[in-house]
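The structure appears below as structure tokens.
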Amino acid sequence: MPKLEKKDLRKSWLNWAMFHLSSMSFEKLEAHGFAHSMIPIAKKLYKNDPEEHRKALERHSVFYNVEPQVGSVINGITASMEEEKANGKEIDDEVFVSVKTSMMGPLSGIGDSTIQGILIPVLLSIAMAISAGGNPLGVLLYMVGYVTIAAGLSYFLYMRGYQLGVSSIDTIVGEGSERLRDAFNILGIIVIGGLAASFVSLSTPLEIPNGEESLVLQETLDSFFPGFLGLLAVIFSWYLISKRRISATKILLILIGISVVGVLLGIF
Amino acid sequence: MDVVLMIQALLIGIFCYLGSVSSPWLLGVTGGYYTIGRPLVAGLIVGLILGDVTTGIILGVAVQAAFIATISTGGTQNQEITYAAYGGIALGILAGASSGVTVTLAVGIGVLGLFLHNLMMVLNSGWNRRAEKAAKQGSARGIINNNGIYPQIVNFLLRVLPVGLAVYLGEGFVTSFLNFVPDKVTHMMDVLGGLLPALGIALLMNLLIREKTHFIFFVTGFVFIVFLSDSMISLTVFALLIAYIIYLATNNFTPAPNSDDEVI
């Protein structure tokens, strides 16, 4: 009865944590990072069966792409499935592939919105506020805080995935988690609204002649809605991306164009 | 030949490699891309290497603001943030440039860096093919080499050489260029620096906003910061409360169809 030990799982997690994107390409992305993570598992479970060992490496070398820090739970689940298979349970290669592919979408959704959309921006803006004058404390806070949270989460999720095995899939992609994900999404959207207000800055030196005195447009804008021009800039960029499907690189060029023309015309 | 600058340029190149998205050595993206790779952290590291920590951090904060919400999903991105951070901040410190100018330098280098990043992604297809073959033959060693080792040699060269050379050769060039540039152009760079976060935030909105009504929450966050408090911590606590209320509300709502079934 081949049984995975804690040290095999740790090796597998570490391989994933390090090498997930090591040979990333447009066609296979994290495929071989996943295979790399399954090497200690296959070695332990199929050490007396070279053909099954070979098959295990092959079935885990197919296209794969997930948010790597949250996605480690799939590696844990796969490890427990491999253990069941090695102990005689009938599991086809296609089952492994479909478990991985059906989970990578929802998990990337959760991972990208919570880590890239909430955790990193919030930690960064706190750190930036502390470090604005050149104080290194904020930077150190970000480094220690982020690594502790993200590495801890990735390790915890791998081990949890292994413990619960296939039964954890429902908890992750089921209806309950969808509600949780939607709620997290709302949290993320509110936070990026705040980020937009803190970090987008646009102002105009324009003055409108008003009888004897002239009216400074920016002061008027600030008096009823501070940051209004910045908000317009965000909505404009978002409109171009989501409604007109214009690529980010092209929008960058458009923003450069707006800065150049705006300054030449004296609007900004 | 300036030996000190050469060593500094080399070190900056090496950190740019360690912070790259595919570098494995600091727990992959966790300690690499998302930590060492952030412009804020790059500011501290480049400042330490060049002996001016305060300027490094100040410029790091400025470049970080422009890239506050830079996201990369599924291997696609609009800029290569580590090239931008390490190349831009290093040249900014060496040339004594302002924040706005440093941000523009970083953006320029980031666009060039994206070509090199994409080149690496294309070259990796070659290693992928060899790794596939190794998997078919059941060779774990072959997968380790073609996933973990060989692609990293290419990645190392594609980072250390261009960034090191740009820092080593670019210093004098950028300084004389800046002396030559009229104030109006510097002002354009400042305006651009203020506008750039709009693009990153728009990309995040595209990721998170799935329904039209979600836009209300975006405006809520904006209005909170503008009118109530400029603290991101208090906004996050507020957002957590709202999210929890919404979670509870949807929770109570879902069983409704079942009771309808019973009536029928």
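Just so we're on the same page: letters track the sequence lines, and every chain starts at 1.
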### Query
Looking at B/Y247, is A/R181 sitting on its ring face, NZ or CZ under 6.0 Å from the six-membered ring centre and within 45 degrees of the normal?
no
Residue [X] versus chain B: region with a heavy atom under 4.5 Å:
| X | answer |
| --- | --- |
| A/L202 | side chain |
| A/I254 | neither |
| A/Y142 | side chain |
| A/Y239 | neither |
| A/L229 | neither |
| A/V122 | side chain |
| A/P68 | side chain |
| A/N15 | neither |
| A/E67 | side chain |
| A/L231 | both |
| A/I192 | both |
| A/I118 | neither |
| A/I120 | side chain |
| A/H36 | both |

### Message
Heavy-atom pairs under 4.5 Å with chain A: which of B/T54, B/D190, B/L192 has the most?
### Response
B/L192
### Engaged part of B/M232 at the chain A interface, taking heavy atoms whose separation is under 4.5 Å
side chain
### Query
Which bit of B/V185 comes within less than 4.5 Å of chain A, counting heavy atoms only: side chain, backbone, both or neither?
neither
### Task
With sequence neighbours left out, write down each residue that passes side chain to side chain donor-acceptor pair (under 3.5 Å) with A/W13, or none if nothing qualifies.
A/S154
Do any side-chain atoms of residues 237-246 of chain B form donor-acceptor pairs under 3.5 angstrom with protein atoms, and if so which ones, sequence neighbours left out?
none

SB check [X] [Y] (cutoff 4.0 Å):
| X | Y | result |
| --- | --- | --- |
| A/E51 | A/R54 | yes |
| A/K55 | A/E52 | yes |
| B/R210 | A/D182 | yes |

#### Entry: side-chain contact (heavy atoms from CB on, under 4.5 Å), paired with A/L119, selected from A/T114, A/L153, A/I149
A/I149
